[in-house]
Asks: 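Here it is: the structure, laid out below.
Excluded from the calculations below are hydrogen atoms, water molecules and symmetry mates; all remaining heavy atoms, backbone and side chain alike, are included. This is a predicted model, so every value here is computed, not measured. Numbers restart at 1 for each chain; the letters A, B, ... are given by sequence-line order, proteins then strands.
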Amino acid sequence: MVEWTPEKIVAFQETLLKWYDNNKRNLPWRRDHDPYHIWISEIMLQQTQVQTVIPYYERFMKLFPTVQALANADEAILMKVWEGLGYYSRARNLQKAAQQIVNDYNGQWPTTVKELQELSGIGPYTAGAIASIAFNKPVPAVDGNALRVFARLLEINEDIAKPQTRKLFENIIKKLMPKNRPGDFNQAIMDLGASYMSAKNYDSENSPVKLFNQAYLDGVEDNYPVKTKKKRPIPVNYFGLLIHSQDDYLFERRPNSGILSRFWMFPLIKGDDIQTKKDASEDDVLRALEAQFLSTYQLEIHVKKIGGRPVTHTFTHQKWQITLLEAELNNSSDLSYFPGKWISESDFREIAFTKVQTKMWERYQQQKEQ
DNA sequence: AATTCGTGGAA
DNA sequence: TTTCCAAGAAT
């Protein structure tokens, strides 16, 4: 990696901030420096593109304009607002942190990185972002943009996928930050990382800091940042049960932990969990599924396959393939042993559903038309 | 330290 | 269709 002289550091700061002053993106959360606004935007923006976040942010602020409103929010309404944004623990941690601020800090925001990081859902990056942008503290905010941008500028060869690399970058960036405008500096790096220095289709030739970009000057930009590849999603097979009576559908509440926790979904049974002999026919599998449903939930069902391709949905680390089955069940059956309930179709619009649940519903509707 | 947490966009 | 990526945190 390269070292910069004090003069070069100052020149970089001036060049970057001048560009930012003239070209910064006009974003809803940049209208002021209210820590509540900065915070909500930062949480929404985790692993999520700006254009996706904007409408969610606007709706969120109308419904929960203050930290007190969020602390007192109905969780079902909160999840409905977050519906489709993914990583739902972000929303739940958001409310926990709001309650921490109201109860532990009497509604007054803590301003140090240390205190901010003790709030639910706020880690090293978000604490740095809030402290620098809302409270003008001279601290780095090392996100994916900062890692990529400085890896290229300084030809840093550390693997940015490794957790410990963040600390190295924090120490480097601390020395490059201006003390007077830390928030603008951090945001300028993000804007740079989202434009001229993006991961793909970057345009270093026209970048405002191209003369500070060592990897570009050396013609080795393709080598930066150094980043190990992620594993590909593992295939998981499910059977999805469509059980209805009139306009009521049987939904299962997912466990309190794990993927899509606490959401209402059509009952899902993992394919691997169904015990069958070798060379079992498709019909044998369905009968085994019925037997398992009976022994697990004391519910007698009769299933038949619904035509059409399985529903597929890919998460970061799992690729689900769901075979839809229509099942008959007496609507007076005892649901005592089943972790779910009947939900009327007319209530669907009030409830937050996951993307994969919506896909199952749409496939079912599609199938009924034929 | 390595996994686990969603979804949508782009090539 | 597949792959990678997008203002990370919790465990």
Asks: If you measure from the C1' atom in B/dG6 to the same atom in C/dC4, how many Å do you get, rounded?
Replies: 15 Å
Asks: Check whether any side-chain nitrogen or oxygen of A/H313 sits under 4.0 Å from OP1 or OP2 of B/dG6, and answer yes or no.
Replies: no
Asks: When you check the phosphate oxygens OP1 and OP2 of C/dC4, does a side-chain N or O of A/R232 lie under 4.0 Å from one of them?
Replies: no
Asks: Between A/Q47 and C/dA6, is there a side-chain N or O to OP1/OP2 distance below 4.0 Å?
Replies: no
Asks: Assign each of A/K355 and A/I234 to its nearest nucleotide of DNA chain B by heavy atoms, then name whichever residue's nucleotide is nearer the 5' end.
Replies: A/I234
Asks: Can you confirm if the NZ or CZ of A/R152 lies within 45° of the ring axis of A/Y202 and under 6.0 Å from the centre of its six-membered ring?
Replies: yes
Asks: Looking for any heavy atom pair under 4.0 Å, which part of the strands does A/I43 touch: base, sugar-phosphate only, or nothing?
Replies: nothing
Asks: If you look at every strand shown and take non-hydrogen atoms under 4.0 Å, does A/K319 touch a base, only sugar-phosphate, or nothing?
Replies: sugar-phosphate
Asks: To the nearest 0.5 angstrom, please state how far the CG atom of A/N103 sits from the NZ atom of A/K96.
Replies: 14.0 Å
Asks: For A/K231 and for A/K200, find the nucleotide of DNA chain B with the closest heavy atom, then tell me which residue's nucleotide is more 5'.
Replies: A/K231
Asks: Does the plane of the ring in A/Y297 sit parallel, tilted or perpendicular to the ring in A/F338? Use 30° and 60° as the thresholds.
Replies: perpendicular
Asks: With a 3.5 Å cut-off and just heavy-atom distances, do the side chain of A/T48 and the base of B/dG6 make a donor-acceptor pair?
Replies: yes
Asks: Please determine whether a side-chain nitrogen or oxygen atom of A/Y87 lies at a distance below 4.0 Å from atom OP1 or OP2 of C/dA6.
Replies: no
Asks: Mapping A/Q49 and A/I122 to their closest nucleotides on DNA chain C, which lands nearer the 5' end?
Replies: A/Q49
Asks: If you take atom types as modelled and just measure distance, does the side chain of A/R90 reach the base of C/dA10 with a donor-acceptor pair under 3.5 Å?
Replies: no
Asks: Could you check which of B/dT7, C/dG8, B/dG9 has an atom nearest any side-chain atom of A/T126?
Replies: C/dG8
Asks: Using the P atom as the reference point in each nucleotide, state the distance between B/dA11 and C/dA7 in Å, no decimals.
Replies: 15 Å
Asks: Contact class for A/S261 vs. all strands (heavy atom < 4.0 Å): base, sugar-phosphate, or nothing?
Replies: nothing
Asks: Rounding to the closest angstrom, what is the interatomic distance between C/dT1 and B/dG8 at atom C1'?
Replies: 16 Å
Asks: Just call it for A/T314: base, sugar-phosphate, or nothing, with non-hydrogen atoms closer than 4.0 Å on any strand.
Replies: base
Asks: Any salt bridge between A/D21 and A/R181, counting N to O under 4.0 Å?
Replies: yes
Asks: Sticking with atom P, work out how far B/dC5 lies from C/dA6, rounded to a whole angstrom.
Replies: 22 Å
Asks: Which of these nucleotides, C/dA7, C/dC5, C/dA9, is closest to any side-chain atom of A/K227?
Replies: C/dC5
Asks: OP1 or OP2 of C/dA6 sitting under 4.0 Å from any side-chain N/O of A/N145?
Replies: no
Asks: What nucleotide, of B/dC5, C/dA10, C/dA7, holds the atom closest to the side chain of A/Q318?
Replies: B/dC5
Asks: In whole Å, measure the gap between the C1' atoms of B/dA1 and C/dA9 for me.
Replies: 15 Å
Asks: Given B/dT7, C/dC4, C/dA9, which nucleotide is nearest the side-chain atoms of A/T316?
Replies: B/dT7
Asks: Taking the nucleotide of DNA chain C with the closest heavy atom to each, which residue, A/G123 or A/A199, is nearer the 5' end?
Replies: A/A199
Asks: Hey, what do you get for OG (A/S89) to CD1 (A/I259), rounding to the nearest 0.5 Å?
Replies: 11.0 Å
Asks: Within this structure, what is the OH-to-P distance between A/Y20 and C/dA7, rounded to whole angstrom?
Replies: 14 Å
